[in-house]
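Small disclaimer: the values here were computed from a predicted structure and weren't measured. So you know, we letter chains A, B, ... as the sequences are listed, proteins then strands, and number each from 1.
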Number of protein chains: 2
Amino acid sequence: MIPKKALHTRVPVTIGAMESSSPTTGGSTRREATRQKLYEAAVTLIAEQGFSATTVDEIAERAGVAKGTVYYNFASKSVLFEELLRHGVGLLTASLRQAAEQTARDGGGKVDALDAMIRAGLVFIERYPAFTQLYVAELWRTNRAWQSTLMVVRQQAVAVVEDVLRDGVAAGEFSEEIDVPLTASALVGMVLVAALDWQSFQPERSLDDVHAALSRLLQGRVSGRDRD
Amino acid sequence: MIPKKALHTRVPVTIGAMESSSPTTGGSTRREATRQKLYEAAVTLIAEQGFSATTVDEIAERAGVAKGTVYYNFASKSVLFEELLRHGVGLLTASLRQAAEQTARDGGGKVDALDAMIRAGLVFIERYPAFTQLYVAELWRTNRAWQSTLMVVRQQAVAVVEDVLRDGVAAGEFSEEIDVPLTASALVGMVLVAALDWQSFQPERSLDDVHAALSRLLQGRVSGRDRD
DNA sequence: GTTTTTGCACTGACCAGTCAGTTCAATTGC
DNA sequence: GCAATTGAACTGACTGGTCAGTGCAAAAAC
């Protein structure tokens, strides 16, 4: 018999970045390139239509690859999807964490860290809108095959925000009365929804513009006048 | 071969119950009850699995009704879904608007109105978590049959928040610099995501609790100490 | 010469939608 | 009262189609 499927390497790949300069992909196998193309095709299609409504044939066609190749590279349609999820959220958390660390290094306070993370979130969503869409669509579903993957991955992302909040409380920068997990959720939601609306309905606006509006909201400069 | 067993689940939760003897159309109470059962079944299943992954057979079975009945009552699976959407968002906007009007009547300011709307949003999500889930999952998708319905319905809901923000700016209660549509999105997102996380991951917490946390965030009492 | 991809035919399950027939409940005629 | 009648509501087996996943020989890439 042929030992087909199940030779799955966990390889770091970039989601939407089809283009040049893959930094770490030095040993970029042909296989990896194919997987990359499949990720890209799948992420868009699933974001638009949902997982179930997207067929493997479509994914293969969009990726410019034969259907058999999909199954040579992934055990199943949902495994492909799960790896997509894992990888995408990995990128996001890395980016959030880096933003937080950078402000710390620059001597900024925790409010600055949150602000930097908002920006990092916006940058991510601007770069990978389809992934974000798809992630939001799946996040609160229950009874799905990849539920546990999703939970793990969600917690990783939210934890970054929670950590900053907790540090801020410890440092006396935030009120001790704040509810850390809930506030973290709310902040994530604020950015997520605002950004998705931005991408969907006002894509012509600049990131700085959107960031400024959210910053203002974060710092409670909505009620009360601005000093100007 | 084997006939499906009928099930006798009686779910009292109504997404749009105005069942008390509405003598309106044609009088057919029986039909109305059937439609209601179908809504209830569909909303849960679609929230859990997504539209495409939910079969009409499942919906019928959960509603305790034959498949043909679904098609007797609705032109198609997606029409059923669209009507569900329209109705659910209708309930939400009505509730938001009422909250805003009530505070106005009570002589509250626009901040109070926003706060009341946050609460109304939470109450809605607590009562109809499945609907909320499903709504969020579909909202930013593109290329779906019910896209236009969704857009209309989204705008209705967000507009209520936008109106309050605009009034607040006009009344000098909010900074003139706020970006009304974006801030409205962000606020909606804050409540939506916080509430869904609450329902999914900490359902034991009280609504008041969650409301308090979001209130604090809204009023910028996160950074800086609380008085008291 | 090994790994990866291709092309394509095939299967078995599943599913949206249909339709001829059945039940229900209200009304009519007696 | 109580059949007979009627139309609305409901039923479920059936159809035509779709799709995930398979199998495999041959070609291409490395």
Side-chain angles (χ1 to χ4, degrees), chain A residues 1-9 11 13 25-42 45-46 49-84 144-146, chain B residues 1-8 19 21 23-39 41-42 45-46 49-84 144-146:
Chain A
M1 303 307 170
I2 299 150
K4 31 200 54 172
K5 53 212 171 175
L7 9 136
H8 297 324
T9 44
V11 201
V13 202
T25 34
S28 190
T29 6
R30 189 153 72 106
R31 189 142 192 233
E32 209 171 311
T34 304
R35 286 170 149 256
Q36 181 60 35
K37 281 192 290 181
L38 285 170
Y39 280 139
E40 282 161 29
L45 288 166
I46 296 179
Q49 308 175 320
F51 175 81
S52 305
T54 301
T55 71
V56 174
D57 285 290
E58 272 178 318
I59 296 173
E61 188 188 344
R62 168 87 63 117
V65 137
K67 187 181 185 178
T69 305
V70 176
Y71 284 93
Y72 183 78
N73 283 281
F74 298 95
S76 69
K77 184 185 170 187
S78 40
V79 166
L80 162 55
F81 183 59
E82 263 183 274
E83 287 185 27
L84 200 53
R144 305 229 76 175
W146 48 82
Chain B
M1 329 200 151
I2 299 167
K4 293 169 185 172
K5 54 253 177 105
L7 38 130
H8 310 306
E19 48 183 297
S21 71
T24 37
T25 50
S28 172
T29 305
R30 185 160 167 224
R31 189 148 194 225
E32 204 50 50
T34 303
R35 287 168 76 98
Q36 183 60 37
K37 280 192 290 180
L38 286 170
Y39 279 139
L45 288 166
I46 296 178
Q49 307 176 318
F51 175 81
S52 305
T54 300
T55 70
V56 175
D57 284 291
E58 275 177 316
I59 296 173
E61 188 186 345
R62 169 88 65 113
V65 135
K67 188 179 190 177
T69 305
V70 176
Y71 286 92
Y72 182 77
N73 284 281
F74 299 95
S76 69
K77 184 184 170 187
S78 40
V79 166
L80 162 56
F81 183 58
E82 266 183 90
E83 285 185 29
L84 201 53
R144 305 230 79 175
W146 49 83

For this session: Measure the distance from CZ on Phe74(B) to C1' on dA9(D) and round it to the nearest whole Å.
Result: 14 Å
Exercise. Can you check the Glu58(B) CD to dA16(C) C1' distance for me, whole Å?
Worked result: 13 Å
Exercise. Rounded to whole angstrom units, what separation is found between the CG atom of Leu38(B) and the P atom of dA9(D)?
Worked result: 13 Å
For this session: Please state whether the phosphate of dC10(D), meaning OP1 or OP2, lies under 4.0 angstrom from any side-chain nitrogen or oxygen of Thr34(B).
Result: yes
Problem set entry | Rounded distance (Å) that lies between atom C1' of dA28(D) and atom CZ of Arg31(A) | 16 Å
Seminar exercise, completed: Judged by nearest nucleotide, the residue sitting upstream toward the 5' end of DNA chain D, Gly68(A) or Val56(A), is Val56(A)
Problem set entry | Arg144(A) versus Ala53(B), closest heavy-atom pair with distance | NH2-CB, 3.6 Å
Problem set entry | Asn73(B) side chain near dC10(D) phosphate (N/O to OP1/OP2, under 4.0 Å) | yes
Exercise. What orientation do Phe51(B) and Phe81(B) show, parallel under 30°, tilted 30 to 60°, or perpendicular over 60°?
Worked result: tilted
Side-chain atoms of residues 63-75 of chain B: list all donor-acceptor pairs with protein atoms under 3.5 Å, sequence neighbours left out, distances to 0.1 Å.
unit_1: Lys67(B); atom_1: NZ; unit_2: Asp57(B); atom_2: OD2; d: 3.3
unit_1: Thr69(B); atom_1: OG1; unit_2: Ala66(B); atom_2: O; d: 3.4
unit_1: Asn73(B); atom_1: OD1; unit_2: Arg31(B); atom_2: NE; d: 3.1
unit_1: Asn73(B); atom_1: ND2; unit_2: Thr69(B); atom_2: O; d: 2.9

Exercise. If you round to the nearest 0.5 Å, how far is CD of Glu83(B) from CZ of Arg35(B)?
Worked result: 5.0 Å
For this session: Under 4.0 Å between any heavy atoms, over every strand shown, what does Val65(B) touch: base, sugar-phosphate, or nothing? Just pick one.
Result: sugar-phosphate
Exercise. Think Tyr72(B) has a side-chain N or O under 4.0 angstrom from the OP1 or OP2 of dA9(D)?
Worked result: yes
For this session: Round to the nearest Å and state the distance from Lys67(A) atom NZ to dG21(D) atom P.
Result: 9 Å
For this session: Take the protein atom NZ of Lys37(B) and the nucleotide atom C1' of dC10(D), then report the distance between them rounded to whole Å.
Result: 10 Å
Problem set entry | N/O (side chain, Tyr71(B)) to phosphate O (OP1/OP2, dT18(C)) under 4.0 Å | no
Problem set entry | Atom pair distance, as rounded to whole Å: CZ in Arg35(A) and P in dT4(C) | 10 Å
Exercise. Reckon Thr69(B) has a side-chain N or O less than 4.0 Å from the OP1 or OP2 of dT11(D)?
Worked result: yes
Problem set entry | Listed nucleotide nearest any side-chain atom of Ala66(B), set dT3(C), dG12(D), dG21(D) | dG12(D)
Exercise. So, for Ile59(B) and Thr54(B), which heavy atoms are closest and what is the spacing to 0.1 Å?
Worked result: CG1-CG2, 3.8 Å
Problem set entry | Nearest-angstrom distance from the residue atom CD of Glu61(A) to P of dC19(D) | 12 Å
For this session: Assign Ser52(B) to base, sugar-phosphate, or nothing according to its heavy-atom contacts below 4.0 angstrom with the strands shown.
Result: nothing
